[in-house]
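This is a predicted model, so every value here is computed, not measured.
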Amino acid sequence: RGEAPLSHWLDLMDFQEEAYPRNYNKLRFLENHDQPRIASFVRERGDLENYTAMLYFLKGTTLIYAGQEFGDDRQPSLFEQETIRRDTGVDLSGLMSRLYELKRDILGPEDDISLRADDDLRIAVLERDDARARKLGVFSLRSAPGTVETTLPDGIYENLLDGAPVDIRDGKIAAEGKPIILQWVK
């Protein structure tokens, strides 16, 4: 909601990373029955895509609440039968499907993870590392462009979400506001 700096939340996530056993499996979600829907305060589709991609990139099991894939902003009742609204103009199910594949195929439960933020741009930069590869996720939570630093070697990479080329030069990556997930095989 922007009530605290993004870096504060990522610092808390980093603390969990140090406090929990290496192979922990925490449940991760953006919304549930106890809180307002993410789409009720994150209104832009690009922002929802970035939040969703970051959720999947985090270590742990990703939970999706009924209707979240359609950007439903109505909080359903636990006590009434309600249908999922699909007429919102948003459908993140294709993105979620691709993110699930990436989580299953390249994001291991024992990856080391580092998290940092550019608070001014509200861009989260997450790096995961295992014995085989390093993975980078860049998530602009305001869908705004910006340049962030990375430890991946310079070169042209493929954004594993959409196949677009991503150029890393002088240890920097120019994010255009869309979520980015890259992999560098050691």
Side-chain angles (χ1 to χ4, degrees), residues 1 6-7 9-14 16-17 20 22-33 35-73 84 88 90-118 122-130 132-144 148 150 152 157-164 166 173 175-185:
R1 294 185 189 197
L6 177 60
S7 59
W9 181 69
L10 293 178
D11 286 346
L12 292 172
M13 299 285 286
D14 193 44
Q16 287 181 354
E17 186 65 21
Y20 292 154
R22 182 173 180 81
N23 63 345
Y24 73 87
N25 187 12
K26 188 168 173 85
L27 300 178
R28 305 279 185 195
F29 56 89
L30 294 176
E31 58 185 52
N32 66 30
H33 66 276
Q35 62 188 25
R37 294 246 189 209
I38 187 93
S40 70
F41 52 89
V42 175
R43 299 284 187 189
E44 299 296 321
R45 180 188 173 110
D47 298 353
L48 284 173
E49 290 175 358
N50 277 280
Y51 274 93
T52 301
M54 183 176 67
L55 173 68
Y56 275 84
F57 197 83
L58 290 169
K59 287 174 69 175
T61 299
T62 304
L63 300 176
I64 303 300
Y65 192 56
Q68 181 177 335
E69 66 273 31
F70 298 112
D72 194 349
D73 61 0
I84 294 172
T88 61
V90 174
D91 185 354
L92 301 178
S93 57
L95 173 65
M96 290 175 165
S97 177
R98 179 64 183 139
L99 288 163
Y100 168 76
E101 291 171 0
L102 292 173
K103 188 160 193 110
R104 179 192 66 209
D105 296 342
I106 71 167
L107 301 174
E110 293 194 18
D111 287 356
D112 290 324
I113 189 168
S114 66
L115 311 104
R116 64 184 185 284
D118 181 315
R122 291 205 36 164
I123 296 177
V125 180
L126 285 59
E127 295 192 42
R128 294 180 64 155
D129 196 347
D130 63 21
R132 184 179 69 78
R134 288 173 44 207
K135 290 79 66 163
L136 171 72
V138 179
F139 309 105
S140 177
L141 303 183
R142 283 192 191 138
S143 304
V148 294
T150 178
L152 289 184
Y157 293 81
E158 175 187 356
N159 185 345
L160 298 177
L161 289 174
D162 62 9
V166 177
I173 182 171
E176 296 178 2
K178 292 185 168 191
I180 298 170
I181 295 178
L182 309 176
Q183 178 175 244
W184 177 70
V185 179

Quick check against the 3.5 Å criterion: does [X] have a side-chain atom that pairs as donor or acceptor with the backbone of [Y]?
X      : Y      : value
Arg128 : Gly137 : no
Asp111 : Ile113 : no
Asn159 : Ile181 : yes
Lys59  : Gly108 : no
Asn50  : Gly177 : yes
Ser143 : Asp47  : yes
Ser93  : Glu69  : no

Sequence neighbours left out, what passes ring pair (Phe, Tyr, Trp, His ring centres under 6.0 Å) with Tyr100? Give chain and number order.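 Tyr100: no ring pair (Phe, Tyr, Trp, His ring centres under 6.0 Å) contacts found.
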Among all residues two or more places apart in sequence or in another chain, which pass the ring pair (Phe, Tyr, Trp, His ring centres under 6.0 Å) test with Phe29?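 For Phe29, no residue satisfies ring pair (Phe, Tyr, Trp, His ring centres under 6.0 Å) once neighbours in sequence are set aside.
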Can you list everything that forms a side-chain hydrogen bond (donor to acceptor under 3.5 Å, both in side chains) with [X]? Sequence neighbours excluded, please.
X      : value
Arg104 : none
Asp130 : Lys135
Glu31  : Arg37
Gln68  : none

Partner residues of [X] under the salt bridge (charged side-chain N to carboxylate O under 4.0 Å, His left out) criterion, sequence neighbours left out:
X      : result
Arg132 : none
Asp11  : none
Asp118 : none
Glu101 : Arg98

Could you note down all residue pairs passing side-chain hydrogen bond (donor to acceptor under 3.5 Å, both in side chains) where residues 176-185 supplies at least one of them, sequence neighbours left out?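 Qualifying pairs: none.
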Glu127 with Arg116: basic N within carboxylate O range, under 4.0 Å: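 Looking at Arg116 together with Glu127, the answer is yes, because their closest N to O distance falls below 4.0 Å.
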Checking Ala117 now: which residues fulfil side chain to side chain contact (heavy atoms under 4.5 Å, CB included) with it, not counting sequence neighbours?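 Partners of Ala117 under the side chain to side chain contact (heavy atoms under 4.5 Å, CB included) test: Leu6, Ser7, Leu10, Asp119.
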Donor on one side chain, acceptor on other, Thr61 and Asn25, under 3.5 Å: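 There is such a pair (donor and acceptor under 3.5 Å, judged by atom type) between the side chains of Thr61 and Asn25.
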